[in-house]
Amino acid sequence: MDTYEKIIGLAKRRGFLWNSFELYGGTAGFYDYGPLGAMLKRRIEDIWREMYVIEEGFYEIETPTIGIEPIFVASGHTRGFSDPMVVCCGCDSAFRADHLIDGIVETPDALPAPEIKRLIDEHGIKCPQCGKTGTFGEVSSFNLMFRTAIGPGTERVGYLRPETAQGMFINFEHLFRFYREKLPFGVTQIGKSYRNEISPRQGVIRLREFTQAEAEIFINPRDKTHPKFSAVGDTILRLYPASQQEGGSGAGVVGGTGGADGGITEIAVRDAVNQGIIAHEFIAYHLVLTNLFLERVGIDPARLRFRQHQPDEMAHYAIDCWDAEVLTDRFGWVELVGIADRTDYDLTSHTTHSKHDLSVVLEYDTPEQVERIVVTPDMGVIGPRYKEKAGKVLAALKNLKEEDFSGDEIKVEVDCETIAIPRDLVEYKTIIEEVRGEKIVPHVIEPSFGIDRVIYAALEHSFAEEIVDCETRTVLRLPAEIAPVQVAVLPLLTRDELIEPALKIVQMCRRSGIFVSYDDGGTIGRRYRRNDEIGTPFSVTIDYDTLDDDTVTVRNRDSMAQIRVPVTKLVETIHEMLRDPTKFIIQSAQ
RNA sequence: GCGGCUGUAGUUUAGCGGUAUGACAUGAGCUUCCCAAGCUUGUAACCCGGGUUCGAAUCCCGGCAGCCGCACCA
């Protein structure tokens with residue numbers, strides 16, 4: 001049994017993750033979060049919110065999970081997200097149709113389906129599987145987006161969003177106003193996205209419905225420094241730069257090249273930026289932030305790396321792109337987060353398709369004085385004289401430079417013909433103009449988190465089996481702040497005189513916002529083990545001493561050590577220890 | 001989507017043509033003064049549909065799901 005099986009088994013048994021629709025046989029690519037899973041997920045999302053929304057100040061928005069077709073035409077998902085497929089009738093194998101005609105035309109992926117089919121037939125392409133010719137059926141396209149119809153009757157096409165990002169891009173104008181027209185600013189969204197994967201088979205690693213936490217940070221393309229970079233520049237990251245990766249496009253979503261440590265460089269981000277490994281400070285800052293988040297939710301730093309996309313792997317518009325990857329037992333390196341500089345691609349594309357200008361005026365600190373020539377031709381004369389050419393003459397005159405006005409005549413070229421215009425018909429003067437700013441399309445830095453994968457990785461990296469008194473103890477060493485159950489309250493024995501005070505302590509904890517579970521089944525040892533397995537960081541045990549001196553035992557999940565705490569100080573102590581579990585170690589040493 | 005392998009309580013497992021065995025887990029009770037102890041007792045399963053047969057968990061066919069390869073993975 002490998003670790004993956006153990007984790008999924010534990011998750012299923014204890015109510016973290018269940019395969020969806022199991023009552024009706026189940027369907028690949030969908031998972032339910034059970035009681036503990038949903039709690040874990042919410043705590044992880046809340047940490048993300050704390051770091052991105054509160055600390056970075058990137059407000060969170062919420063947009064529909066269904067999008068209308070034009071959005072995905074603009075984003076490229078209706079084209080780029082669909083693959084032409086063709087099936088060989090001889091052996092029933094399916095192939096990417098455009099790959100079959102690679103080398104015959106320059107850009108096979110840009111052709112419409114019937115054209116690809118025609119080329120396959122015309123060139124007598126053999127089936128790579130069975131070697132026969134002329135056995136291919138029609139070329140059909142498989143789009144990874146779920147398609148649906150909006151409204152009754154003549155339906156309007158809608159798609160379940162394949163990423164949350166577009167909802168933020170298309171609100172750019174509102175957001176820019178909201179942020180009082182200043183760059184940079186960021187916006188976030190946590191929500192479901194949908195991709196109709198052909199064969200999702202890696203549990204929660206590849207889902208058809210999944211949760212993304214994305215931030216879109218709109219920045220000035222001329223200035224990709226980060227105001228807080230100096231504070232994080234010394235951070236050491238484990239980088240796996242493109243230059244270190246061998247063999248073509250490197251890793252896919254799952255798997256990946258390189259051994260556990262192959263090609264990984266531990267380097268301060270400041271040096272990585274200075275050496276040109278990371279494109280600029282803004283990306284580097286977000287690598288650091290991602291690193292902080294992942295470590296905080298329990299990812300083992302030794303099994304974490306940042307892998308840079310190779311040039312041929314990166315979307316054509318992106319400048320630099322890094323994936324935070326974790327090492328898993330079964331799947332090798334798995335991508336959890338992508339951090340990309342998407343440049344102005346998204347806003348420019350939405351500008352073109354929506355016909356709304358999404359550029360912004362960036363005001364200079366001090367307005368610039370610019371010298372400019374203003375040409376004012378006497379159109380009352382020029383118009384009748386040149387008739388249909390008058391418009392072009394006007395345009396040509398406006399483009400002239402100062403030295404062109406020196407002679408008695410002004411020569412302009414219109415339709416390959418030189419026309420001389422008397423000097424006195426054209427007035428020109430030099431003015432000093434104040435330019436307050438310039439129009440730019442902001443660039444976008446996008447950290448995009450796959451929350452479900454983060455959850456799986458946190459489970460796997462915190463999973464431990466250790467031998468205690470010849471028995472295997474299974475323990476999830478989840479960070480205290482993401483553990484679903486924070487405290488277990490346990491009477492030492494199942495006796496009324498202990499149950500009663502225990503229930504009072506449960507009430508006390510709940511009123512102060514601590515999530516507790518109460519358990520009086522079986523023996524105390526069994527209950528400790530049960531709580532270890534779901535990662536409950538602390539247990540409070542009520543025994544006969546409690547009745548005498550009003551103190552209880554607090555037990556720590558990881559060390560199994562215990563301290564005694566007066567009931568009056570219990571809530572305060574627990575809050576402190578949840579915030580900083582080392583408090584327990586300090587107290588237990590006393 | 002293709003090929004191979006596999007589907008028995010929550011988990012794991014026995015049964016390989018005569019209506020399902022055990023373990024762990026779990027509920028109730030007893031016992032128990034700190035790490036999965038013990039005793040009593042309860043709940044709980046043949047993936048779905050068709051066929052062959054007097055009779056199918058078992059044999060055959062189809063579907064669904066899982067795993068492993070191939071392909072795919074903005």
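Hydrogens, waters and symmetry mates play no part in the numbers below; they use all other heavy atoms, side chains included. Letters A, B, ... mirror the listed sequences (proteins, then strands); counts begin at 1. Please read these numbers as outputs of a predicted model, since none were measured by experiment.
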*Does the side chain to side chain contact (heavy atoms under 4.5 Å, CB included) test come out yes or no for A:Met168 and A:Glu214, once each step is laid out?*
CA-CA 9 Å; A:Met168 295 185 266; A:Glu214 294 192 300; 3.8 Å; yes
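Spacing between atom CD of A:Glu335 and atom P of B:C73 amounts to 14 Å, rounded to whole angstrom units. Distance CD (A:Glu5) to P (B:U12): 8 Å, rounded to an integer number of Å. The distance between atom CZ of A:Arg201 and atom P of B:C70, rounded to the nearest whole Å, is 10 Å. A straight line from CG of A:Leu207 to P of B:G66 spans 12 Å, rounded to a whole angstrom. For the pair A:Arg206 CZ and B:G66 P, the computed distance is 13 Å after rounding to whole Å. Protein atom CZ of A:Arg208 is 12 Å distant from nucleotide atom C1' of B:A65, rounded to whole Å. Whole-Å rounding puts the A:Ile8 CD1 to B:G10 P distance at 18 Å. Here B:A45 presents its C1' atom at 13 Å from CD of A:Glu22, a figure rounded to the nearest Å.
The same atom, P, is picked in B:A20 and in B:U43; the two are 15 Å apart, to the nearest Å. Nucleotides B:G4 and B:C46 place their P atoms 28 Å apart, quoted to the nearest Å. Comparing the C1' positions of B:U32 and B:U13 gives an interatomic distance of 32 Å, to the nearest angstrom. Spacing between B:U26 and B:U58 at atom C1', rounded to whole Å, works out to 30 Å. Taking atom C1' in both B:G3 and B:U11, one finds a spacing of 31 Å when rounded to whole Å. A gap of 14 Å separates the C1' atoms of B:C30 and B:A37, to the nearest Å. Taking atom P on both nucleotides, B:A45 is separated from B:C39 by 25 Å, rounded to a whole Å. To the nearest whole angstrom, the two P atoms, one in B:U6 and one in B:G15, are 15 Å apart.
The side chain of A:Lys12 contributes no N or O atom lying less than 4.0 Å from OP1 or OP2 of B:G10.
The nearest pair of heavy atoms linking A:Asp520 to A:Thr494 is O-OG1, 3.1 Å. Of all non-hydrogen atoms in A:Val334 and A:Ile205, the two that sit nearest each other are CG1-CG2, 3.9 Å. Here the shortest heavy-atom pairing between A:Ala502 and A:Val489 reads O-CG1, 3.6 Å.
For B:A23, the paired nucleotide is B:U11, the pair qualifying as Watson-Crick or G-U wobble because both relevant distances are below 3.5 Å. Across all strands shown, B:C70 pairs with B:G1; the Watson-Crick or G-U wobble distances both stay below 3.5 Å. Here B:G62 sits opposite B:C48 as a Watson-Crick or G-U wobble pair (both hydrogen-bonding atom distances under 3.5 Å). Look at B:U40: its Watson-Crick or wobble partner, with both distances under 3.5 angstrom, is B:A28. With a 3.5 Å ceiling on both atom-pair distances, the Watson-Crick or G-U wobble partner of B:G18 is B:C54.
Two residues, A:Phe210 and A:Gly203, neighbour RNA chain B, and the one matched to the more 5' nucleotide by heavy-atom proximity is A:Gly203.
A ring pair (Phe, Tyr, Trp, His ring centres under 6.0 Å) with A:Tyr456 is found for exactly one of A:Tyr4, A:Phe463, A:Phe16, namely A:Tyr4.
Nucleic acid contact class of A:Gly9 (heavy atoms, under 4.0 Å, all strands): none. At a threshold of 4.0 angstrom between heavy atoms, the contacts of A:Arg330 are confined to the sugar-phosphate backbone, with no base atom among them.
For the pair A:Arg307 and A:Trp333, the cation does not sit on the ring face, since its NZ or CZ is not both under 6.0 Å from the ring centre and inside 45° of the axis. A cation-pi geometry, defined here as NZ or CZ lying under 6.0 Å from the six-membered ring centre and within 45° of its normal, holds between A:Arg555 and A:Tyr528.
By the 4.5 Å heavy-atom criterion applied to side chains, A:Val204 and A:Phe210 are not counted as neighbours.
The existence of a salt bridge linking A:Arg529 and A:Glu471 is excluded, since no basic side-chain nitrogen approaches an acidic carboxylate oxygen closer than 4.0 Å.
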_One character per nucleotide, please: for nucleotides 30-40 of chain B, 5' to 3', B when the base has a protein heavy atom closer than 4.0 Å, S when only the sugar-phosphate does, - otherwise._
--BBBBBB---
